[in-house]
Engineer: 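The structure that follows is given in the form of structure tokens.
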Amino acid sequence: MSEHAQEVIVIMPGTRWQDTQGTDHRLAEALAAHARILWIDPPIPVAGPAASVRPQRLRRHYLDEPVPGLTRLRFLAPPKFTHRLMQPAVRALRRRALRSALRDLQATVGGTVLLSPRDGFMPGVSGFKSLHVTDDWIAGAGLMGLNSGQIRTTLEDSLRHADIVTAVSPHLAESMSRLAGGRDVQTLPNGCSPAPALVPSVSDERTVLLGQLNERLDFDLLDELLDHGISLEVIGPRREREPAVSRRLDRLLAHPQVSWRGEVPPEAVPGLLSGASLGITPYADSEFNRASFPLKTLDYLAAGVPVVATDSPAVRWLNSPDVHIAEDRRQFVDLVRRVGSARLSDSQRESVRLQAVEHSWDARACRLLELAGGAP
């Protein structure tokens, strides 16, 4: 390796770079403002339906730079690479691809940030080992199409090998601490990207539901909103797995009081939220949701939009006067009516936005690097 080798932080995400952007993507981009990032995509199968993401030219690995400061590494793997019997081969292929990429980049590894429920830390890789648990992966295994037993085994192994463990909510941090035998787990919540200042806009009485549409939503609550004459603007892709949920979504999105925009680029979200009177976070009461930290809640605040949310430890932790927490469905409907009918002035919207500034992704990235700096 050259004496001028740069140091990179390896990100092991749970999703591919081109997938819907969530915690993995946003935290990695924020870290890229402070360090060189090497993002390792999940394997690309050489054949089968998922091989559609494979570049035409077959190589052992591929490098590109989707955003400044972040290099993406992709590597080929056999079909059915998610099967447990294939995991030793996949791990070997990943390590080989990493070694080749480091040679190409003339780089060394300063640390690894693991955000995947499927993967563990790579042996023999230098630097700190940081495990960031983005959801209750065990409780949500079914939602992700994964085996809960395999996820638990992988997670317990990652907890043993990590120098630093962080989780997105206090509830999840406590759960991970218990699973790890009482070790310290820091809360590192999700963040947002507030604009430097809001552009003056005309306030309209729009209630917006942002984010992925799946089993996490309380469909009875959404039906109740519609039954009370409340119109909804829905922004986000369908990601459901259960046939019953597909039927509920079909009915919801076909309702005359619902307009659905589908998936939009992240950079388009602030403009679509501009002027909306209210954002909603209507999650069902489940162990997975209680452990989560909804991205949408902070995205609303970052756009100067107040929020009505179902109760959860994460929204309680936020302790924001602009996040109105409903303890039951009736109160949720009442809050949507009351808060949604208030036309905020530009100065009031700016006050809402300022609540989100302290929760920026940059602040989260700096905190993670601070914790890494104190790693053994």
Side-chain angles (χ1 to χ4, degrees), residues 11-15 22-24 26-27 112-121 128-192 211-212 214-218 239 241 281-298 309-320 323 325 327 359 361 363-365 367-368 370-372 374-376:
I11 302 288
M12 297 182 64
T15 57
T23 300
D24 303 19
R26 300 186 192 194
L27 183 58
T112 299
V113 180
L114 175 62
L115 305 104
S116 171
R118 301 177 184 87
D119 303 310
F121 292 104
F128 66 85
K129 292 179 174 62
S130 173
L131 171 65
H132 184 48
V133 186
T134 59
D135 283 298
D136 188 332
W137 292 330
I138 298 171
L143 282 173
M144 297 180 284
L146 304 174
N147 180 284
S148 61
Q150 290 181 21
I151 296 302
R152 175 183 287 274
T153 299
T154 301
L155 180 56
E156 288 175 342
D157 184 68
S158 297
L159 286 166
R160 283 193 295 271
H161 288 92
D163 301 314
I164 312 148
V165 181
T166 53
V168 295
S169 72
H171 184 85
L172 187 56
E174 291 173 7
S175 176
M176 290 300 102
S177 179
R178 289 194 299 271
L179 187 63
R183 74 166 292 173
D184 181 53
V185 177
Q186 297 283 321
T187 301
L188 187 74
N190 282 333
C192 59
Q212 297 187 47
N214 56 25
E215 286 76 6
R216 300 182 67 182
L217 297 174
D218 186 335
R239 292 288 187 265
R241 288 182 173 271
T281 305
Y283 278 176
D285 184 18
S286 68
E287 182 58 30
F288 185 78
N289 283 339
R290 284 191 291 274
S292 73
F293 197 109
L295 284 165
K296 58 174 63 65
T297 301
L298 284 174
T310 45
D311 201 358
S312 75
V315 294
R316 293 281 177 185
W317 178 90
L318 272 175
N319 193 30
S320 168
V323 179
I325 303 171
E327 296 183 1
H359 301 293
W361 280 113
R364 304 299 192 236
R367 175 58 178 157
L368 182 57
E370 178 186 342
L371 291 170

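What you see is a predicted model; the values in this text were computed from it and never measured. Note: hydrogens, waters and symmetry copies are ignored here, and every other heavy atom, side chains too, is used.
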Engineer: Does the side chain of L146 come within less than 4.5 Å of P117's, by heavy atoms?
Structural biologist: yes
Engineer: Report yes or no: do T166 and R367 form a side-chain donor-acceptor pair below 3.5 Å?
Structural biologist: no
Engineer: Going by the rule side-chain contact (heavy atoms from CB on, under 4.5 Å), which residues pair with K129 if we only count those two or more places apart in sequence or in a different chain?
Structural biologist: F121, D163
Engineer: From the options L371, L179, L188, V185, select the one residue that forms a side chain to side chain contact (heavy atoms under 4.5 Å, CB included) with V165.
Structural biologist: V185
Engineer: Consider only side-chain N and O atoms of N214 and R239, and report whether a donor and an acceptor are under 3.5 Å apart.
Structural biologist: no
Engineer: Using a 3.5 Å distance criterion without hydrogens, assess whether the side chain of R364 forms a donor-acceptor pair with backbone atoms of N190.
Structural biologist: yes
Engineer: Keeping the roles fixed (side chain from S177, backbone from E174), state whether a donor-acceptor pair exists under 3.5 Å.
Structural biologist: no
Engineer: Would you list the pairs meeting side-chain hydrogen bond (donor to acceptor under 3.5 Å, both in side chains) in which at least one residue belongs to residues 136-154, sequence neighbours left out?
Structural biologist: T134-W137
Engineer: Only counting residues at least two apart or in another chain, list the ones meeting side chain to side chain donor-acceptor pair (under 3.5 Å) with E327.
Structural biologist: none
Engineer: For S169, give me all partners under side chain to side chain donor-acceptor pair (under 3.5 Å), at least two apart in sequence or on another chain.
Structural biologist: none
Engineer: Taking atom CG of L217 and atom OH of Y283, what is their separation to the nearest 0.5 Å?
Structural biologist: 6.5 Å
Engineer: Determine the minimum heavy-atom distance between P189 and W317, stating which atoms define it.
Structural biologist: CG-CH2, 3.4 Å
Engineer: For T15, which residues count as a side chain to side chain donor-acceptor pair (under 3.5 Å) partner, sequence neighbours excluded?
Structural biologist: none
Engineer: Is there a side-chain contact between L318 and H359, using heavy atoms and a 4.5 Å cut-off?
Structural biologist: yes
Engineer: Would you please name every residue forming a side chain to side chain donor-acceptor pair (under 3.5 Å) with R241, sequence neighbours left out?
Structural biologist: none
Engineer: Are the side chain of R26 and the backbone N or O of L295 linked by a donor-acceptor pair below 3.5 Å?
Structural biologist: no
Engineer: Donor-acceptor pair, distance only, cut-off 3.5 Å: does the side chain of S312 make one with the backbone of R290?
Structural biologist: no
